[in-house]
Structure formats: structure tokens, C-alpha cells
Amino acid sequence: MAALVGFIMIALIVILLLKGKMSPIVVLTLIPTAAALVLGFGPQEVASFIKEGIGTTTSNGILFIFSVIYFGVMSDTGMFDVIVDFLVKKAGDNVVAMTVATAVIATIAHLDGTTATTVLITIPALYPVYKAMKIDSKILICLTGACMGVMNLLPWGGPVARAATVLGMDANELWHILIPIQLIGLVFNIVLAVFLGMLAVKQGAGAGKGEKVQQDLKAKEEETLRRPKLLLFNLALTIGLVAILSTGFLTSYVAFLLALSIALAVNYPSLKLQDKLIKKHAPAALIISATLFAAGAMVGIFDGTGMLTAMANAIMSVIPPFLGRFIHIIFGILALPLGLCIGTDAYFYGIMPLVMEVGETYGVASLSTALTMVIGKNLALMVSPLTPATYLATGLANTELKDHMKFSIPWYWMISVMMLAIGIMIQIIPV
């Protein structure tokens with residue numbers, strides 16, 4: 001009975017999240033609560049499951065609040081714009097240098113972990129340059145998406161925070177395990193940028209003058225928020241923050257709280273401006289954090305009712321025993337195509353817990369399953385038709401979605417599988 005209710009619950013969660021008919025907060029709270037009541041658990045028991053589950057997500061929820069606001073403020077200061085302008089000037093008329101600069105810009109721009117911000121920083125700035133140099137705009141979107149996928153392994157990136165929530169561990173701790181794989185992915189992205197740059201040259205890029213594109217002027221309000229004189233300070237603050245997070249010297253959300261407070265005090269000493277900027281970025285931060293808390297409630301109900309164990313036992317009965325110990329590798333390879341079809345919340349809160357539970361029955365640690373499943377899903381970020389930023393990117397680069405998917409999916413899948421293979425070779429992911 002518990003297994004049947006559990007499967008129905010996951011199906012409902014995935015369907016509702018895919019259709020986008022309800023907020024993830026509503027879906028992740030009400031469906032598991034209803035399932036627990038159907039199984040005969042009383043309201044007080046269900047409430048205790050929810051309380052315990054939310055307790056495991058508190059630190060990650062607070063991390064999201066301060067990290068999203070911090071990087072939003074850094075974007076307001078114009079720190080990313082200066083970096084983009086500098087790298088574009090350095091690349092000059094060299095096509096390969098331009099594609100490499102694109103990878104570097106997208107990597108830096110995705111420090112904030114939000115897809116829309118990265119797209120808005122990278123593509124509008126570089127699209128006119130690509131048109132002028134006759135470089136296929138599909139290369140621009142492909143490189144932006146690849147770098148976003150690898151950089152999204154940061155602890156304040158949605159997938160890692162979601163996986164950490166399901167694991168019941170701190171997102172920063174999970175990131176520390178992933179750092180070597182992430183660094184390897186960044187190297188692969190640079191190699192991809194060089195290769196695509198050479199491909200563009202063969203296609204005639206850089207020969208003669210391409211199409212000139214008129215760039216929109218920045219809004220007057222945005223210009224008043226720029227702090228070019230404080231660029232070095234903001235860069236030093238951000239680099240110091242990332243260094244502290246890498247060492248684990250401070251709790252991640254404490255580090256972001258201190259950095260945000262310093263950034264606001266130095267860049268915008270006016271109370272009116274500070275309030276304005278916090279209110280500007282707070283909605284995105286609070287929505288993500290609230291979703292994490294709702295996911296914690298779902299995980300608490302999953303564990304408290306014993307549904308996961310019952311479902312895993314049902315699946316285990318139909319999986320050939322010789323494949324059981326490789327289930328995390330199988331799902332790691334399939335993570336990208338699964339990520340195309342299944343939304344982020346449905347993937348991490350619906351599919352991943354179930355695969356983890358099945359893996360545990362074959363001796364595969366849940367952490368190993370999470371590591372393999374998060375890599376491929378991240379790379380699927382910018383080719384998924386379920387990701388709003390995908391449409392934003394294709395629209396800004398004047399490219400058809402089908403053309404972008406056809407061009408980028410093979411590259412993304414190759415990088416995800418290579419990252420998975422390297423992770424196995426250096427024994428971060430046990431077989």
C-alpha cells in the first residue's frame with residue numbers, strides 16, 4: 001500500500017510540476033501531506049514529519065536568500081559589465097579568442113547561480129560582436145549553456161542545493177566533494193570553446209565584415225547604480241568570498257550575509273538605496289528558499305512514512321541484480337536526457353530520492369547517486385524546453401530552439417559523460 005501511494009504521489013508531483021499549473025511550493029507540500037493522510041498517519045504525525053524535514057533545509061534556504069541578493073547587488077554595481085568589456089577588447093578580431101572569452105564571461109557571470117542573469121549579462125553583450133565577426137550565434141548559446149551547466153555546481157546553484165536537501169546535508173559540503181569534477185568541467189568548456197572557434201573559422205567567421213547589430217542603451221536607472229570606481233573593491237570582495245566558501249572557514253550563509261552587508265555599506269551607503277536593492281532582489285531569493293523549505297517538508301514525509309523504502313523494494317524486485325550496483329552510473333549517463341524532459345524540481349524531488357533508495361538496497365551510497373545525477377542534469381539546463389532561460393537565450397540570439405538543441409545537446413552530453421568518467425577515475429564516484 002505504501003509503495004502504491006508513493007508511486008501515485010511521485011507521478012502527481014512530476015505531472016503537476018511539468019504542466020506548471022501550480023507553484024512548486026503548493027505541489028511539494030500538499031501532495032505528500034495528502035499521501036501521508038491516506039496512509040493513515042494523523043495530522044500531528046504529518047506535522048512532525050514536515051517539521052523534521054524543514055529542519056534539514058534551513059541552512060540552504062538562508063544561503064539562497066543572501067547569495068541571490070549579494071550577486072544581484074554585484075550585477076547592479078556593473079562589476080560584470082566591466083569584465084565583459086575588458087575580455088571583448090582583449091579578444092579583438094581573433095575568432096578563437098572570442099569564443100574562449102565567451103566561455104570565461106559566461107563562467108564569471110554565472111557566479112550568482114541564476115540562469116536569467118547569466119543570459120542577460122552574456123548574450124546581449126556578445127551577440128553584436130558575433131554577428132560582426134560572422135560567428136554562428138548557436139555557438140554563443142552553446143558555450144553560455146555549457147559554462148552555466150558546470151558553474152551551477154556551486155552550492156548556491158539550484159541543483160546542488162536541491163540535491164543537498166534530499167541528502168539532508170549542507171550544500172557547501174556537497175560542493176566541496178564536487179569541486180574537482182567542476183574544475184575538470186571548466187577545462188572541458190575551454191577546450192570546447194577552442195574547438196568551436198576553430199569550427200567557426202572553417203565556416204568563414206572572421207573573414208570580412210559581418211552584420212552590424214544595434215545595441216540597446218542601458219536604462220538610465222541602471223546607469224545610476226553603477227559603481228565603476230569601486231570595481232577593484234567589489235572584485236576583491238567577491239574573490240575573497242569565494243575563497244572563504246572554498247575553504248569552509250565560515251558557514252556559507254554567514255559568509256554571504258557579511259559580504260552582502262559590506263557590499264551594501266560601501267557601494268550604497270544610503271538607506272533608501274539599500275532598501276530599494278534588497279527589495280529588488282528579494283522576490284527571487286525568497287521564492288527559491290521557500291521552494292527549498294517545501295521540498296524539505298516533502299523529504300520529511302517521504303522518510304517518516306516509510307514510502308521510499310516500500311517503493312525501493314518494489315523497484316528492486318524488477319531490476320536485474322547484476323545491474324543494481326551500477327544504478328547510479330546508469331542514471332548518471334541518462335541524467336541529461338532525463339533533465340530535458342523533467343523539470344528541476346520534479347527531477348530532484350521526485351526521481352532522485354527514489355533512485356537513491358533503490359541504490360541503497362544494492363549497496364550504492366545515496367551520496368554517490370546524487371553526485372552522478374546532478375552532473376548531467378546541470379548540463380541539460382540550457383537545452384531543456386522546461387527552462388525559461390532557454391527561450392530567453394534563443395530569443396536574444398535570434399536562434400530557433402530546435403536548432404540550438406540539435407547543435408548543443410551532443411556537446412553537453414559528451415561533457416557530462418566525460419565529467420562522470422573522470423569522477424569515477426579519480427574515485428570521487430565509487431563504482
Side-chain angles (χ1 to χ4, degrees), residues 78 80-110 115-151 185-218 379-385 387-415 418:
F80 296 115
D81 292 340
V82 174
I83 295 171
V84 169
D85 293 342
F86 172 78
L87 289 172
V88 168
K89 287 177 183 177
K90 285 293 181 183
D93 295 329
N94 187 312
V95 173
V96 174
M98 180 55 63
T99 54
V100 171
T102 301
V104 174
I105 290 167
T107 299
I108 295 171
H110 203 62
T115 54
T117 301
T118 306
V119 169
L120 290 171
I121 288 172
T122 307
I123 293 181
L126 295 177
Y127 178 64
V129 181
Y130 268 60
K131 296 301 287 184
M133 296 179 71
K134 297 172 67 175
I135 305 174
D136 191 338
S137 58
K138 292 195 294 289
I139 293 176
L140 171 58
I141 307 176
C142 178
L143 289 174
T144 301
C147 295
M148 286 167 62
V150 174
M151 281 300 287
L186 293 175
V187 172
F188 286 157
N189 282 341
I190 297 299
V191 172
L192 176 63
V194 172
F195 183 83
L196 292 181
M198 294 168 63
L199 179 65
V201 171
K202 286 185 179 179
Q203 293 173 343
K209 292 184 177 181
E211 178 186 348
K212 293 292 181 183
V213 179
Q214 182 66 38
Q215 286 181 288
D216 293 330
L217 294 174
K218 289 187 177 73
L379 266 297
L381 188 69
M382 275 293 289
V383 281
S384 172
T387 304
T390 302
Y391 299 101
L392 178 62
T394 53
L396 289 172
N398 196 26
T399 302
E400 292 288 336
L401 177 62
K402 60 181 177 61
D403 295 332
H404 160 55
M405 293 178 71
K406 192 185 300 182
F407 181 82
S408 299
I409 286 174
W411 298 114
Y412 293 172
W413 203 352
M414 179 185 71
I415 291 174
M418 288 170 66

Which atom pair, heavy atoms only, marks the closest approach of [X] to [Y]?
{"X": "V383", "Y": "S408", "result": "CG1-CB, 3.8 Å"}
{"X": "A146", "Y": "I415", "result": "CB-CD1, 4.5 Å"}
{"X": "T144", "Y": "A106", "result": "CA-CB, 3.9 Å"}
{"X": "A393", "Y": "M382", "result": "CB-CE, 3.3 Å"}
{"X": "K138", "Y": "D403", "result": "CD-O, 3.5 Å"}
{"X": "G197", "Y": "V95", "result": "O-CG1, 3.6 Å"}

Between H110 and I105, is there a donor-acceptor pair closer than 3.5 Å when you use the side chain of the first and the backbone of the second?
->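 Pair absent, no side-chain N/O of H110 close to backbone of I105.
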Give a yes or no answer on whether the side chain of Y412 reaches the backbone of G149 with a donor-acceptor pair at less than 3.5 Å.
-> no
Does M198 CE have over 12 foreign heavy atoms under 6.0 Å away?
->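 Atom CE in M198 is not packed in, count stays at 12 or less.
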Pairwise distance [atom1]([X]) to [atom2]([Y]) - rounded to 0.5 angstrom:
{"X": "D136", "Y": "I141", "atom1": "CG", "atom2": "CD1", "answer": "9.0 Å"}
{"X": "M148", "Y": "L143", "atom1": "CE", "atom2": "CG", "answer": "12.5 Å"}
{"X": "L196", "Y": "Q203", "atom1": "CG", "atom2": "CD", "answer": "9.0 Å"}
{"X": "L192", "Y": "M414", "atom1": "CG", "atom2": "CE", "answer": "6.0 Å"}
{"X": "T394", "Y": "M405", "atom1": "OG1", "atom2": "CE", "answer": "10.5 Å"}
{"X": "I135", "Y": "L199", "atom1": "CD1", "atom2": "CG", "answer": "11.0 Å"}

May I have all residue pairs that pass side chain to side chain donor-acceptor pair (under 3.5 Å) and include part of residues 99-109, sequence neighbours excluded?
-> T102-Y130
F407 vs I139 side-chain heavy atoms within contact, under 4.5 Å = yes
Side-chain contact test, heavy atoms from C-beta onward, threshold under 4.5 Å: evaluate it for L186 versus I190 and give yes or no.
-> no
Which residues pass the side-chain contact (heavy atoms from CB on, under 4.5 Å) test with A97, sequence neighbours left out?
->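 Partners of A97 by the side-chain contact (heavy atoms from CB on, under 4.5 Å) criterion, ordered by chain and then number, come out as A91, N94.
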Please identify each residue that fulfils side-chain contact (heavy atoms from CB on, under 4.5 Å) with S137, with sequence neighbours left out.
->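 Per chain and number, S137 pairs via side-chain contact (heavy atoms from CB on, under 4.5 Å) with Y127, A397, T399.
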Aromatic ring proximity, centroids under 6.0 angstrom, F188 and W411 =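 Between F188 and W411, which both carry aromatic rings, the centre distance is not below 6.0 Å.
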